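Have a look at the structure below, then the notes.
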Amino acid sequence: MSSTSEEQLLREFRRIDKNGDGSITVEELKNYYIPMQEMLGMSAKVAEQEIIGLVKRLDVDNSGEISFEGNIDRSIFNTLTLILHSFVL
């Protein structure tokens with residue numbers, strides 16, 4: 001996998017952030033991710049459990065959402081890169 005710049009990550013983040021509020025909710029991830037996973041044979045329930053777990057790990061401010069603000073922490077950047085690659089690439 002090639003490295004992803006913060007600009008590329010932000011572009012993909014915005015693609016999933018349908019309402020444009022700077023955060024990705026569980027619902028936005030479900031709408032984006034579950035149909036792709038179902039096409040690959042994963043049940044919607046398993047995909048939803050993955051999404052909920054991902055949001056919990058990346059929700060740094062306990063808002064229930066993944067935020068992309070200013071100086072994003074490098075570990076969060078790396079995790080988001082991997083997640084968004086699996087969702088959109």
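Worth knowing before you read on, the calculation uses all heavy atoms, side chains too, and leaves out hydrogens, waters and symmetry mates. In this text the structure is predicted, and so the values were computed from the model without any measurement.
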Listed partners of E28 passing side-chain contact (heavy atoms from CB on, under 4.5 Å), at least two apart: I16, D17, K18, N19, I24, T25
E50 vs M42 side-chain heavy atoms within contact, under 4.5 Å: yes
With R11 via side-chain contact (heavy atoms from CB on, under 4.5 Å) - residues at least two apart: E7, Q8
Set of side-chain contact (heavy atoms from CB on, under 4.5 Å) partners for K30, sequence neighbours left out: V26, E27, I34, E48, I51
Minimum heavy-atom distance between G64 and D59, given as atom pair plus value: N-OD2, 2.6 Å
